[in-house]
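Note sheet for the following structure.
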Amino acid sequence: MDKINILVLGNGGREHAFCWKLAKSQLTNQLFIAPGNGGTEDLAINLDIGVNDFESIKKAVLLNQIKLVVVGPEDPLVNGLHDFFLSDQALKDIPVIGPKKMGARLEGSKEFAKMFMQRHEIPTAQYGSFTAENIVQGYAFLDQMKSPYVLKADGLAAGKGVLIIDDLKQAKTELTKMLLDQKFGVASSKVVIEEFLTGIEISCFVLTDGEAHLTFPTAKDYKRIGEGDKGLNTGGMGAISPVPFMDDQFNKKIQDRIVKPTIKGLLEDNIPYLGFLFIGLIKVGEEPYVIEYNVRMGDPETQVVLPRIKNDFVELLLATAEGRLSQIEIEIDDLSVTTVVAVSGGYPQEYQKGKKITGLEKVKGSIVFHAGTTLKEGKIVTNGGRVLAVTSYGEGHESALKQSYGQIEKINFEGINFRKDIGFDL
Ligand code: AMP
Ligand code: GLY
């Protein structure tokens, strides 16, 4: 098969990991990324184009003879990037990895996802859905729920649209702010109120061509800023794969009760779906429940999941685009992989950018995936909240973590912060 030019969309650690894995493929000619970051420059040509600038993406795809587009974040998918390609004469035969607008609603609308799960009997928390018109019923719904109260903006809210509140009165105040004062803009013109589930969260990843699917390694993400899982939510401070407490029986439950019914449900509902599906699960007792669907890979989970996949990534993605996934078997490395994320001081609240990063060249035996970095006058400087992730292999998660921590110590920038306790709960 001929080597091809590939375009990745996004600028995070996830997309750097995509580039790292794509660059290993025999089928890759030249990699491009839009917009990319300071680390992707080593593997790909960074294009100064935003992920939602469809017209500029089109120009770049045609100019650079791109033959495969891999979408990192959800926004361009929810905004219809795949549909845009299919409706354009010049682009329609260029495969896009990521669902069309209709499938992307699994992430783009919490209510849509809940209705989908209900229709297909996929285990998830009980819920009610409310708008400004029936806010009074929303208050009544809260009255008959138990604390803590889970309030979710229906639409995309940059990962901030979920509130978990102990106090009933405060929950009602927040519901009012979301529905009447547009706390999260149009994203909260509808609010899903959910039963609170207690358990351990797990990230499950699937690649599907709409009929067949491959299950990627599962991962555990550490979302809170502080040690012991305390403090504010972040995009993710570290991850490990595999998840030690997941046995065959539990994995089978996930397949039988969640993954297979989801793929079948999409088919039954006539929602063509091609690409990654990230199912956020919670293990309640011995039972898996769906917390959310995402129509993309996770970040920082990708930085531990892709290093464990032995298959040629381009081959996997082309098979997905061409509906040949049933012919492919996934090969997974038995080693554990961990990643520890270094963030800017102050993140997830206000932080500064432009801090010079030192020590990167001293890292040995680990992979540094860049996220919020950029190249300024030939030097790598910070450019975001989550700055980079140090990924390592090991015989078990303890040894992989020891390696990640040994290497992250060599990296420095003003205000650097990272959690010292990734994997503490295992
Ligand atoms: P989401 O954006 O839906 O992933 O929600 C953000 C976070 O809120 C999740 O990662 C969970 O930690 C938490 N969460 C969401 N829904 C629930 C629920 N029904 N019960 C308990 N925790 C939840
Ligand atoms: N790490 C969680 C996410 O990517 O949404």
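Numbers here simply count residues along the sequence, with the first being 1. In each ligand, atom 1 is the first atom listed, and ligand 1 is the first ligand listed.
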Does ligand 2 have an atom that lies less than 4.0 angstrom from a heavy atom of G236?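 No, G236 has no heavy atom closer than 4.0 Å to ligand 2.
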Does ligand 2 have an atom that lies less than 4.0 angstrom from a heavy atom of G235?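 Under 4.0 Å: yes for G235.
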Using atom types as modelled, flag every donor-acceptor pair under 3.5 Å from a side chain in residues 261-271 to any protein atom, sequence neighbours excluded.
residue	atom	partner	partner atom	Å
T262	OG1	I258	O	2.6
T262	OG1	Y293	OH	2.8
K264	NZ	E268	OE2	3.3
D269	OD1	H120	NE2	3.2
D269	OD2	R119	NE	3.3
D269	OD2	R119	NH2	2.9
D269	OD2	H120	NE2	2.9

Ring-face cation of K21 near F18 (centre distance under 6.0 Å, axis angle within 45°):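 Checked: cation-pi criterion not met.
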Under-4.0 Å salt bridge between E292 and K152: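 Salt bridge absent between E292 and K152.
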Does a salt bridge link D229 with R419, judged by any charged N lying under 4.0 Å from a carboxylate O?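 The answer is yes: the pair qualifies as a salt bridge.
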Region of R14 engaging ligand 2 - heavy atom pairs below 4.0 Å: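 It is neither part, as no heavy atom is under 4.0 Å.
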E74, portion touching ligand 2 at heavy-atom distance under 4.0 Å: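 It is neither part, as no heavy atom is under 4.0 Å.
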Just by distance, no angles: are the side chains of K190 and S129 close enough, under 3.5 Å, to form a donor-acceptor pair?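 Note: K190 and S129 side chains miss the donor-acceptor criterion.
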Does any donor atom in the side chain of Y222 or T234 lie under 3.5 Å from an acceptor atom in the other side chain?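 On atom types as modelled, these side chains do not qualify, holding no pair under 3.5 Å.
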Going by distance only, is there an N or O of D299 that falls short of 3.5 Å from an N or O of ligand 2?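 There is such a contact, yes.
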For a side chain to side chain donor-acceptor pair (under 3.5 Å) with T391, tell me which candidate from T338, T302, T339 qualifies.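 Checked T338, T302, T339 against T391; only one passes side chain to side chain donor-acceptor pair (under 3.5 Å): T339.
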Which residue and heavy atom of the protein sit nearest atom 2 (C) of ligand 2, plus the separation: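 Closest protein heavy atom to atom 2 (C) of ligand 2: D221 OD2, 3.4 Å.
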Specify the protein heavy atom at minimum distance from atom 5 (O) of ligand 2: its residue, its atom name, and the distance to 0.1 Å.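 Answer, as residue, atom name and distance: R296 NH2, 2.9 Å.
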Show every donor-acceptor pair shorter than 3.5 Å between a side-chain atom in residues 74-81 and any protein atom, with sequence neighbours excluded, or say none if there are none.
residue	atom	partner	partner atom	Å
E74	OE1	R296	NE	2.8
N79	ND2	N52	OD1	2.9
N79	ND2	D75	O	3.2

Quick one: which ligand 2 atoms are inside 4.0 Å of a heavy atom on G298?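 Going through ligand 2 atom by atom, the ones under 4.0 Å from G298 are 4 (O).
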Close residues, ligand 1: non-hydrogen atom nearer than 4.0 Å: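 Those residues closer than 4.0 Å to ligand 1 by some heavy atom are K110, A125, V150, K152, V162, I164, E194, E195, F196, L197, E201, K223, I291, E292.
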For D181, is the CG atom crowded, meaning more than 12 foreign heavy atoms sit under 6.0 Å from it?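 Yes, because the 6.0 Å sphere around CG of D181 holds more than 12 heavy atoms from other groups.
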Y273: what forms a ring-ring contact (aromatic ring centres under 6.0 Å, His included) with it, not counting sequence neighbours?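 So Y273 forms no ring-ring contact (aromatic ring centres under 6.0 Å, His included) with any residue.
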